[in-house]
Structures are given as C-alpha cells and as structure tokens.
Amino acid sequence: MKKNEYEIWFLTGAQTLYGDEALRQVDAHSQVVVDGFNACGKLPCKVVYLGTVKSTEEIASRFREANASSTCVGVVVWMHTFSPAKMWIRGLQLLQKPILHLHTQFNKEIPWNEIDMDFMNLNQSAHGDREFGHIMTRLNKPRKVVVGHWEDVDVQERVASWARVCSAWNALNNLRIVRFGDQMNNVAVTDGDKVDAETKFGFRVEYCPVGELASAVDKVDSADVDALVKEYETLYEFADDCKTPGKQRDQVFEAARIELGLRRVLEKWDAQAFTTNFDDLYGLNQLPGLASQRLMAEGYGFGAEGDWKTAALLRAMKVAADGLPGGTSFLEDYVYHFKGKGAILQAHMLEVCPSIAGSKPRMEVHPLGIGGKADPARLVFTASECSGVAATIVDLGDRFRMIVNEVDCVAPEADLPKLPVARAFWTPRPDLKTSACAWILAGGTHHTSFSSALTREHLEDFAEIAQIEAVFIDSKTTISDFRRELRWNDAYYR
Ligand code: MN
C-alpha cells in the first residue's frame, strides 16, 4: 500500500456577510493551519486545503469531489467564522467519507489590547462551530470532534490518530480477503455473514481452493527457495537442527517454498489478507505457519481456521499502525495464569507476527500434534513488554460488535523451554477475572487482533466511522456496569 498517496481534505466554513477582506483572512489563516498540520510530522498523510466554502452549492460540490476521489480518505471541517449550518445540509447528506470536526481557533489566546469588533467577527469559531455541531447532531452524522488550538500537540495527535483510521477504513473498503479452505468445522465465533460484512465494511471475502496454492508452491523455483532461506539466516537465529546438515533443514526449505507460492497466489488475487485452516492443507507439506508470520510482518491481514473477520480487522489495524513504534499481531487466548491479577498466555499454533517480538526470533521446526502434516517451521519468540489493545469483531446475527480490551504485556515468569511457539503473556485490564467475564458476556472470540502501536482511540474512531457497536474493557470496567451497557446497546441497535 502506498500510504503517501492518501490525503485528508480540509474545508473551512464561512459566509459572505463579513466582506471580501475577511474572507481573504479566513483563507490565509486556513492555509497556515493546514501547513501547520503538514509540518508537525505526526500525520500519516498529506492534508490538502480545499478552500473556504460559503454556500450550499459550494459545500455540496466539495463533498461530491471528496466522495469521488480515490486519494481522499477523510475530510476535516472548521468554521472560522459563523457559517449558517443549513448551508451544510445538502453536502452532509451526500458525504460518504469519514469526517472530523476540528473545533479550533486561529489565535491561541485573546489579544487583550488589540481585540476589536472586526477581530470578533473574524474569529468566531466558538459559536460558528457550535452551529455546525448542531446540524451534524440533527442529521445524526457519525464524526469525530477534536477541540483545542491547532498547534497543541494533543490536537495534532488526535487528528493524526483519526487520519490513520481513515487510511485503514479506506484500505478495508477496498480489501480482498482470500480464504484457503473454509472455517474450521462447527466453529461458531469465527464464522458470520459475509454479505453483511461486505455491505458494512466493503471488503470482499473470496474462496481460493487450497489446490491452487499447492500448485503454485510446486511451481516455485528452487533457486528462489535457496535465496529466501539465505534471507531467513540473516534475519533470525536458527536452531541447530535447522542448520546444515540438521535433520529439520529440509522443512525450512519446504516452508520457504510455501511462502513463495503463497505470495504468488495473494499477488495474483490482489489480496492483502488471507485465512488458512490447519485441517485443510491438501497437497501442502506443512501448515504455512512461517509464511503467515512473515506476511503479517509485512502488513497482510491474517486469520487462522478460516477466521476472515479477524483477517480483515488485523489488516485494518496494520494499516492504521503503519510506521508507528510497536507491533500488531493475530493472537489467541490459550492458557490462564490465576495468580495475582491473573494473566493469559497468548499464542497460536504458529501464527504470531514477529512485529511484536521482544528479541530476535528463532527458526525452529517441531511436530504440530494436529492436522496430520509434516513438522512445520516457525519463528519462536516472546512478545516485548508493552501496553496495547486486543480487539475482535463478532457477528451477533443482527449486527457486528467490536470488543476491545486494554492489556499489559509482561515477561513470563520463566523461560517456557518446552513450548516452541511464539507467545505473548499479558494481564488484561482491569484484571483477568473482570476482563474474561466481560469478554465472555459480550460474546468475544478466542482470536484477537492485538496491537501495541495502536490505542483505544484508534478503535473508537474505527467503530464510529464503521458505525458498529463497540464495547471497551479497561481499568475502570465493572461487571455490573458492563452488563447494563450491553443491555442498553441491545435496545439501541435493535
Ligand atoms: Mn485458532
């Protein structure tokens, strides 16, 4: 994905009442504000100033252009002066891109000695933006509102956070997810309505016979496999039996061959996310664990056992997190540690993204125990100590619900010498008992998309843009309040 091609469009509201000179100043100030956002270094993409709008026709025209633009991922609006909000009705009804209402003012402070009536008429976002907020609320438009002076770091960060989610939303709208195999048989939570999902999120979920993957793997050139294994050797530690002439060396080559075949199929399908199923690997030597780990690290969405909702969410979170410190990975709740506030060992059979690794990953080959295939290669590591968010989207039949838990990754108490899989170890907020109880009441999956690069704010913005229900489990959560919230949401979303 070429994120730098994306743009946020910036529109300033005014009216002709104050004369041409006032409008020239509004325009000049807006350009300074936009230049400030572009220079602050926090935004993931460029902000483009579209000018000052003063009429119903101008506003509708700008929003039509925003809808049609393939580079515009979101629109920021600000009322520098008073902008009678009936002028915005037509445009807002047309607008399909995410919108952020920036409630700011050109001057940070009141110029006590200079302020006169001209200054007051020019700088009246304090009431212009309230007029605009009224019509947004009346039209029930989803939006983010950011309040504060435009040079405040906090304001820049909140706009930047939203802009990242706009890029992710755009990527999700255009995403193609390829499934190799179906869901793992009889599993409820990883399944869902793909028609509803495409209607709501825009992504397409398509089936690719695993035989097409097996055939692509067979066609991979051996010289390419050799080169890829050399690359592995520069990036990872190798277990002794994975080095020449170790008995598992061939399995590393097989894993590299599968990675190259999988890449070719994904490129052919123009897919940026995929799912596998360990029970459906006909024609493959081993579960594509290593390939899934490495593709996730490059930004691909992934879900195991056919979990296309997690693959989609992970892709969106990867795009939102692009360039930020921290990692983003598919994970699964595995084993509890009922001690103190409690903790959960997070892992998967193999498929954990090395972007969350706390140290250099180690290439190892071991039996899997299920699936009936040869021993798969995998990267083994422990996630670094960090705070992050673990998120999932479930299909409740009549709607999608996002569930988010703030978690704190800590070091495991010991080395886990007999557990050869990548893992994270975290205490969910506020504690394991409350978190797991709330998560279960909300109907959450055992699979999550975890990110230490993103915060709750990103996911709140995502849910607002997607217009889906979102519930958050954090340090303030209590079960009685959480139950009430779920019941209220059931009424609201009915
Ligand atoms: Mn799983």
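Note that ligands are numbered from 1 as they come in the structure, with each ligand's atoms numbered from 1 the same way.
- For His446 and Tyr334, the ring centers are positioned 6.0 Å apart or more.
- Checked against the Mn ion (ligand 1), the N, O or S atom of His348 at the shortest distance is NE2.
- Considering just the N/O/S atoms of Glu305, the one nearest the Mn ion (ligand 1) carries the name OE1.
- Coordination check, His446 versus the Mn ion (ligand 1): failed, since every N/O/S atom of the residue sits at 2.8 Å or beyond.
- Ring-centre distance between Phe330 and Phe450: not below the 6.0 Å cut-off.
- Put simply, the side chain of Lys341 gets close to the backbone of Pro430: a donor and an acceptor are under 3.5 Å apart.
- Taking the six-membered ring for Trp, Phe302 and Tyr300 have ring centres at least 6.0 Å apart.
- Distance check for Glu332 against the Mn ion (ligand 1): an N/O/S atom falls below 2.8 Å.
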